[in-house]
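To keep things clear, I will list the structure first and then write my remarks on it.
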2 protein chains.
Amino acid sequence: MTYTIGEFSRLINLSIHTLRYYELEELIAPRRLENGRRCYSENDLTWIQFIRRLKDTGMPIKEIQKYAKMRAIGDPTLEGRMELLIQHRQVLHQEIKQLEEHLENLDDKIDYYKNVIVKRQEQN
Amino acid sequence: MTYTIGEFSRLINLSIHTLRYYELEELIAPRRLENGRRCYSENDLTWIQFIRRLKDTGMPIKEIQKYAKMRAIGDPTLEGRMELLIQHRQVLHQEIKQLEEHLENLDDKIDYYKNVIVKRQEQN
DNA sequence: ACTTGACCTCGAGTCAACTCGAGATTGTAC
DNA sequence: GTACAATCTCGAGTTGACTCGAGGTCAAGT
């Protein structure tokens with residue numbers, strides 16, 4: 001199964017413009033038909049879904065690009081790619097911890113507001 | 001205790017430029033001395049620390065600005081501010097959940113790499 | 001009196017990540 | 001055979017959040 005850019009765009013919910021931009025940034029390299037049009041494969045599909053994951057976890061495009069370049073080379077870069085993921089995992093883990101802390105803090109603040117509001121209502 | 005912009009900048013580890021930018025964006029409004037210089041108070045200190053928390057949890061400046069404006073009005077906006085925080089709490093909570101899912105997925109991928117690498121070494 | 005350092009304003013520059021639009025081409029549908 | 005929809009490239013514009021620099025003020029130290 002292959003897809004035109006329009007189909008692919010709808011499928012993964014990224015704009016056509018964004019897809020072309022990702023290609024320019026060397027994140028993805030779809031095959032081309034004889035007439036020059038992009039032709040995305042199932043492989044491209046799983047790959048872009050992974051790119052999304054990386055993006056959603058805050059990895060900048062330049063970093064994803066590094067990964068993509070290694071991936072394009074293939075087997076000999078397995079270790080390198082794993083390394084990169086392990087590092088990213090570390091960062092992500094820290095980030096989650098930080099966010100959990102912030103969430104708690106936010107909860108405290110909300111509780112404080114609740115108290116003030118309740119007390120104010122008791123006054124009337 | 002009050003601080004000049006330089007002192008304050010060092011204290012909270014934000015550049016002087018950034019502090020002035022935050023002021024321009026109406027996040028913070030330090031007192032001014034007769035000569036026009038900024039004069040930050042303890043109150044400003046706790047406030048900017050809270051701003052940081054909001055920023056670190058991904059709240060955009062425009063949103064923080066709303067909060068700041070309500071805060072400046074004072075008491076009658078308590079409910080509004082609480083609302084805003086509750087909403088943000090919700091978003092943050094979802095985000096953390098998403099990130100945890102991504103983390104798991106990343107772990108799987110790393111495991112997969114490990115396996116491939118081990119198998120490859122067994123071959124030799 | 002004069003240099004120095006911290007401060008001021010205001011306008012412009014930067015960076016990442018898109019986002020848009022003009023102008024050309026191409027494949028299908030009437 | 002022509003309209004139209006989808007595609008192409010390339011260059012420019014946008015947004016958010018800073019970041020920088022020029023040119024000026026002002027108080028303290030020598």
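Just so we're on the same page: letters track the sequence lines, and every chain starts at 1. Worth knowing before you read on, the calculation uses all heavy atoms, side chains too, and leaves out hydrogens, waters and symmetry mates. This one's a predicted model, so the numbers in the text were calculated from it and none came from an experiment.
In this structure, CD1 of A:Ile61 is placed 6 Å from C1' of C:dA17, rounded to the nearest angstrom. As rounded to whole Å, 15 Å separates atom P of D:dA17 from atom CD of B:Glu26. Distance B:Leu33 CG to D:dC26 P: 13 Å, rounded to the nearest Å. Straight-line distance from the CZ atom of B:Phe8 to the P atom of C:dA6: 19 Å, rounded to whole Å. Summarising the geometry, the separation between CE on B:Met59 and C1' on D:dG16 is reported as 16 Å, rounded to the nearest angstrom. Regarding A:Leu27, its CG atom lies at a distance of 10 Å from the P atom of C:dA17, rounded to whole Å. Between A:Lys62 atom NZ and C:dA16 atom C1' the separation is 9 Å, expressed in whole Å. Distance, B:Asn13 CG to D:dC18 P: 13 Å, rounded to whole Å.
Between B:Phe8 and B:Tyr40, the two ring planes are parallel [angle under 30°; tilted spans 30° to 60°].
Comparing B:Thr18 and A:His17 by the nucleotide of DNA chain D that holds the closest heavy atom to each, the one mapping nearer the 5' end is A:His17.
One finds no salt bridge joining A:Glu83 and A:Arg89 here, because no Lys/Arg side-chain nitrogen approaches an Asp/Glu carboxylate oxygen to under 4.0 Å. With respect to the salt-bridge test (charged N to carboxylate O, under 4.0 angstrom), the residues A:Arg120 and B:Glu79 qualify. A salt bridge links A:Lys66 with A:Glu63: the distance from a Lys NZ or Arg NE/NH1/NH2 to an Asp or Glu carboxylate oxygen falls below 4.0 Å.
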Pull out every protein N or O sitting under 3.5 Å from an N or O of nucleotides 3-8 of chain D, one pair per line with the distance.
from, atom 1, to, atom 2, distance (Å)
D:dA6, N3, A:Arg37, NH2, 3.1
D:dT7, OP1, A:Thr4, OG1, 2.9
D:dT7, OP1, A:Gly6, N, 3.0
D:dC8, OP1, A:Arg38, N, 2.7
D:dC8, OP1, A:Arg38, NH1, 3.0
D:dC8, OP2, A:Arg20, NH1, 2.8
D:dC8, OP2, A:Arg38, NH1, 3.2
D:dC8, O5', A:Arg38, NH1, 3.2

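Distances shorter than 4.0 Å separate some side-chain N or O of B:Lys55 from OP1 or OP2 on D:dC18. Applying the 4.0 Å criterion to OP1 and OP2 of D:dG16, one finds that B:Tyr21 has every side-chain N and O outside that range.
Residues A:Trp47 and A:Tyr22 keep their aromatic ring centres 6.0 Å or farther apart.
Panel note: side chain B:Glu7, backbone B:Thr4; a donor-acceptor pair is recorded below 3.5 Å.
Rounded to the nearest 0.5 angstrom, B:Glu100 CD and B:Glu95 CD are separated by 12.0 Å.
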